[in-house]
Amino acid sequence: MSEKFTGSFTQQEALPEAAIEAALQVLQHGRLHRYNVVEGELGETALLEQEFAAQVGAKYCLAVASGGYAMATALRALGVGPGDKVLTNAFTLAPVPGSIASVGAEPVFVGVSEDLTIDLEDLAAKADQARVLMLSHMRGHLCDMDRLMQICDSAGITVIEDCAHTMGAAWNGVASGRQGKIGCYSCQTYKHVNSGEGGLFVTDDEELAARAIMLSGSYMLYERHLAAPGPEVFERVKYETPNISGRMDNLRAAILRPQLRDLDAQVARWNARYQKIEAGLRDTPGLTVVERPEAETYVGSSIQFLLLDWSAEAVAEVIKRCAARGVELKWFGGAEPAGFTSRYDSWRYARAQSLPASDRILAGIVDMRVPLTFSLEDCAQIARIIRAEVMVVHQAG
Ligand SMILES: *Cc1c(COP(=O)(O)O)cnc(C)c1O
């Protein structure tokens, strides 16, 4: 009898006690709207912004309704509008091109390299096509950020970082989201902190911060923010910035604050699981492990490997055989988008673009979520199952 994994790939941990207590306090006083505070009270949302800004070393922070909203707000704050082109990753998830489409702009896709980061050669080649890059640190892989910033700075491209998978990660010790002009994070259940839905926006640029706060729907209550520029900056933008409501509320902020305090400990737990799986997959014939650069501090909340140059049938067979043994793998090479694994050619509202070198890599990317509810023994078992099934199919082919 071959072993079978019986755990769940989508089960989250319970929220920490401190988060539950903080939520109860908000429920008891009833002031859920972020600007609904009593005399002298600092609202949970404002405190969350102040603490997150300090945590990543940013001057300004705004909490919003979702990660996708933070990204669209970043584009709007930069003045990106209908017909503008925005560079972005071909290998990413649907909310990324979606944020570009939401402002009427057009995504120009940049390829993916074998280390699953943005292809910097392709970026350099396309640098004259847009003035903004929406850089997605897809699945937590950071590219050579020094090179990327050199390319973008010399071409006059403004970088927005999509850090949905890199909250808690760093490049050469600098928090992810702090190399570009704006960093955007998601607090959605499947990311690194969990408020169901939610997003965070950080920048050091006072004018962008003021615009983002006005955009999110601050009315004229921006003085209740604790990680915002001074009123004189708002004076410059407040009459010309529309209100596109997307605020965070105090209940979500309350449950996020204790989780952010625990983030480093959670990252260590994720990485212990990731490293267990990675060690179990290493040296499997036909399977390529994605090596992590030394400058990168990553968060192993998911793991990817490549079945490079395998036939579609053989990859599908591995996915099927692993599923039969309780291991849920996702494949980015499938013809049809399934679950979250859509590809650049599934986003048909965007102009059709051809990226043959990336197609080869996408066709081999296998992806797996690593929930903290897995034990280290679960991780070792999952790796054994994947390794065995990859070897069976590889030997047959
Ligand atoms: C989840 C996600 C987002 C957006 O987050 P939401 O909070 O769900 O809007 C952006 N980019 C990537 C790569 C994501 O996975």
Thr203 versus Asp205, side-chain donor and acceptor atoms under 3.5 Å: no
Check: Asn250/Thr45 side-chain N/O donor and acceptor closer than 3.5 Å: yes
Could you pull out the closest heavy-atom pair between [X] and [Y], with the gap in Å?
X      : Y      : result
Ile157 : Ala127 : CD1-O, 3.4 Å
Pro293 : Trp171 : CG-CZ3, 4.0 Å
Phe9   : Ile382 : CZ-CD1, 4.1 Å
Pro95  : Met71  : O-CE, 3.9 Å
Met134 : Val96  : CG-CG1, 3.8 Å
Phe5   : Val327 : CB-CG2, 4.2 Å

Within 6.0 angstrom of [X] [atom1], more than 12 heavy atoms from elsewhere:
X      : atom1 : result
Glu294 : CD    : no
Lys126 : NZ    : yes
Tyr239 : OH    : no
Asp128 : CG    : yes

Take Arg131 and Val80, measure what side chain to side chain contact (heavy atoms under 4.5 Å, CB included) needs, and give me the verdict at the end. CA-CA 9 Å; Arg131 61 179 187 90; Val80 176; 4.1 Å; yes
For Arg236 and Arg211: C-alpha separation, side-chain torsions, deciding distance, then whether side chain to side chain contact (heavy atoms under 4.5 Å, CB included) applies. CA-CA 10 Å; Arg236 299 204 295 267; Arg211 282 185 199 284; over 6 Å; no
Taking a hydrophobic cluster as the set of Ile, Leu, Val, Met, Phe, Trp and Tyr residues connected by side-chain heavy atoms closer than 4.5 Å, whether directly or through intermediates, do Val370 and Leu287 fall within one such cluster? yes
Between atom [atom1] of [X] and atom [atom2] of [Y], what is the distance when rounded to the nearest 0.5 Å?
X      : Y      : atom1 : atom2 : value
Ser216 : Arg76  : OG    : CZ    : 11.5 Å
Phe374 : Glu13  : CZ    : CD    : 12.0 Å
Asp144 : Gln150 : CG    : CD    : 8.0 Å
Ile255 : Leu24  : CD1   : CG    : 11.0 Å
Leu116 : Glu291 : CG    : CD    : 11.5 Å

Salt bridge check, [Y] against [X]: does any charged N sit closer than 4.0 Å to a carboxylate O?
X      : Y      : result
Arg321 : Glu317 : yes
Glu207 : Lys59  : no
Glu313 : Lys320 : no
Asp378 : Arg273 : no
Glu41  : Arg31  : yes

Would you say [X] and [Y] make side-chain contact, with heavy atoms under 4.5 Å?
X      : Y      : value
Pro231 : Glu223 : yes
Gln179 : Leu148 : no
Met167 : Lys191 : no
Arg261 : Glu51  : yes
Tyr222 : Val233 : no
Glu44  : Gln25  : no
Arg351 : Val108 : yes
Ser302 : Trp270 : no

Assign the ring pair [X] / [Y] to parallel, tilted or perpendicular, where the plane angle (0 to 90°) is split at 30° and 60°.
X      : Y      : value
Phe52  : Tyr185 : perpendicular
Trp310 : His394 : parallel
Tyr344 : Phe109 : tilted

Kindly state whether the ring of Phe332 and the ring of Phe91 have centres lying under 6.0 angstrom apart. yes
Heavy-atom donor-acceptor pair, [X] side chain to [Y] backbone, under 3.5 Å:
X      : Y      : value
His33  : Tyr35  : yes
His137 : Thr166 : no
Asn89  : Thr92  : no

Should Leu226 and Glu49 be marked as a side chain to side chain contact (heavy atoms under 4.5 Å, CB included) after you check the CA-CA gap, both sets of side-chain angles, and the distance that decides it? CA-CA 7 Å; Leu226 298 171; Glu49 290 164 343; over 6 Å; no
Residue pair Glu377, Arg384: steps toward the salt bridge (Lys or Arg N to Asp or Glu O under 4.0 Å) verdict: CA-CA 11 Å; Glu377 180 39 45; Arg384 281 196 304 274; 3.4 Å; yes
In sequence, state the C-alpha distance, the side-chain angles, and the governing distance for Thr117 and Leu142, and then conclude on side chain to side chain contact (heavy atoms under 4.5 Å, CB included). CA-CA 6 Å; Thr117 58; Leu142 294 175; 5.8 Å; no
Going through the checks in order, is the ring-ring contact (aromatic ring centres under 6.0 Å, His included) test met by His165 and Tyr190? CA-CA 9 Å; His165 304 165; Tyr190 299 109; over 10 Å; no
